[in-house]
S.K.: 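Would you mind keeping the following structure in view while I ask a few things?
Note that ligands are numbered from 1 as they come in the structure, with each ligand's atoms numbered from 1 the same way.
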Amino acid sequence: MLIARHYKLRFFAAFLSISAEGLAYAADPAKGSELYALHCATCHGVSGVSMMPGAPNFSKNEGLMSPDGALLISIQSGKAAMPAYRGILSPQDILDVISYLRTLN
Ligand code: HEC
């Protein structure tokens, strides 16, 4: 009886930690929009209409075909004229921005 209860509690604790992780990784497009205005709009434009030749136009869904994980890596490492954001934005910040980019088309 006691052993069964112990396992039940452990199961519950594992469930709680998985839920907390899920919450931590849920992207926030509202926060992403603020970060976008600060860090990205100079090239990609205020509402995703590109300001710079060669920069994808997010309002036309350009540059967004890859999954979030691949875009995260491009933004962290930089690509062509785009600077690297590793150390400037956290992975969570970048995922917030990506979720905002996906609202622009
Ligand atoms: C100095 C101008 C500049 C800034 C600032 C900039 N970008 Fe870019 N970005 C570019 C250019 C140019 C490309 C196209 C790179 C290439 O040749 O594939 C690009 C590409 C991308 C892509 C497509 C990546 C891919 O894998 O194809 C995404 C997504 C993106 N930028 C998001 C962002 C975000 C989010 C920010 C702000 C955190 C940002 N960019 C800031 C110029 C910029």
S.K.: Is the side chain of Arg102 donor-acceptor paired with the backbone N or O of Leu64 at a distance under 3.5 Å, no angle test?
M.R.: yes
S.K.: Below 4.0 angstrom from a heavy atom of Met52, which ligand 1 atoms are there? Numbered from 1 as shown, please.
M.R.: 2 (C)
S.K.: Can you tell me how far OG of Ser47 sits from OH of Tyr36, rounded to the nearest 0.5 angstrom?
M.R.: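 Taking OH in Tyr36 and OG in Ser47, the distance rounds to 7.5 Å.
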S.K.: Which residue and non-hydrogen atom of the protein lie closest to atom 14 (C) of ligand 1, and at what distance in Å?
M.R.: Gly54 O, 3.4 Å
S.K.: Under 4.0 Å from a heavy atom of Leu89: which atoms of ligand 1 are those, numbered in the order shown and with their elements?
M.R.: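 Taking each heavy atom of Leu89 in turn, ligand 1 has 38 (C) under 4.0 Å.
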S.K.: Could you please tell me which protein N, O or S atoms lie under 2.8 Å from atom 8 (Fe) of ligand 1?
M.R.: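 Near atom 8 (Fe) of ligand 1, below 2.8 Å, one finds His44 NE2, Met82 SD.
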S.K.: Would you say Ser33's side chain and Pro29's backbone share a donor-acceptor pair under 3.5 angstrom?
M.R.: no
S.K.: Please check: side-chain N/O of Ser66 versus main-chain N/O of Leu71, any donor-acceptor pairing under 3.5 Å?
M.R.: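 Here the side-chain-to-backbone pair does not exist.
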S.K.: For the backbone of Pro56 and the side chain of His44, can you confirm whether one donor and one acceptor N or O come within less than 3.5 Å of each other?
M.R.: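 Yes, the answer is positive, given that a donor and an acceptor are paired below the 3.5 Å cut-off.
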S.K.: Non-hydrogen atoms of Ile94 versus ligand 1: any pair closer than 4.0 Å?
M.R.: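 No heavy atom of Ile94 comes that close to ligand 1.
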S.K.: Got the closest protein heavy atom to atom 32 (C) of ligand 1, with its distance?
M.R.: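 So the nearest neighbour among protein heavy atoms is Phe58 CZ, 3.6 Å.
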S.K.: For atom 17 (O) of ligand 1, grab the closest protein heavy atom and report residue, atom and distance to one decimal in Å.
M.R.: Ala80 CB, 3.4 Å
S.K.: How far is atom 5 (C) of ligand 1 from its nearest protein heavy atom, and which residue and atom name does that atom have?
M.R.: Tyr85 OH, 3.2 Å
S.K.: Ignoring hydrogens and angles, tell me if any N or O in the side chain of Asp96 forms a donor-acceptor pair with the backbone of Asp93 under 3.5 Å.
M.R.: no
S.K.: Using a 3.5 Å distance criterion without hydrogens, assess whether the side chain of Tyr85 forms a donor-acceptor pair with backbone atoms of His39.
M.R.: yes
S.K.: Measure the spacing between CG of Leu35 and CD1 of Ile98 and express it to the nearest 0.5 Å.
M.R.: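 Going from CG on Leu35 over to CD1 on Ile98, the span is 11.5 Å.
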S.K.: Say you draw a straight line from CE of Met82 to SG of Cys40; how long is it, rounded to the nearest 0.5 Å?
M.R.: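 That separation rounds to 8.5 Å.
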S.K.: Could you list the atoms of ligand 1 found under 4.0 angstrom from a heavy atom of Ala81?
M.R.: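 Near Ala81, meaning under 4.0 Å from one of its heavy atoms, ligand 1 has 1 (C), 12 (C).
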S.K.: Would you find a donor on one side and an acceptor on the other, under 3.5 Å apart, between the side chain of Ser77 and the backbone of Ser74?
M.R.: no
S.K.: Pull out every atom of ligand 1 sitting under 4.0 Å from any heavy atom of Val97, numbered as shown with elements.
M.R.: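 The atoms of ligand 1 under 4.0 Å from a heavy atom of Val97 are 35 (C).
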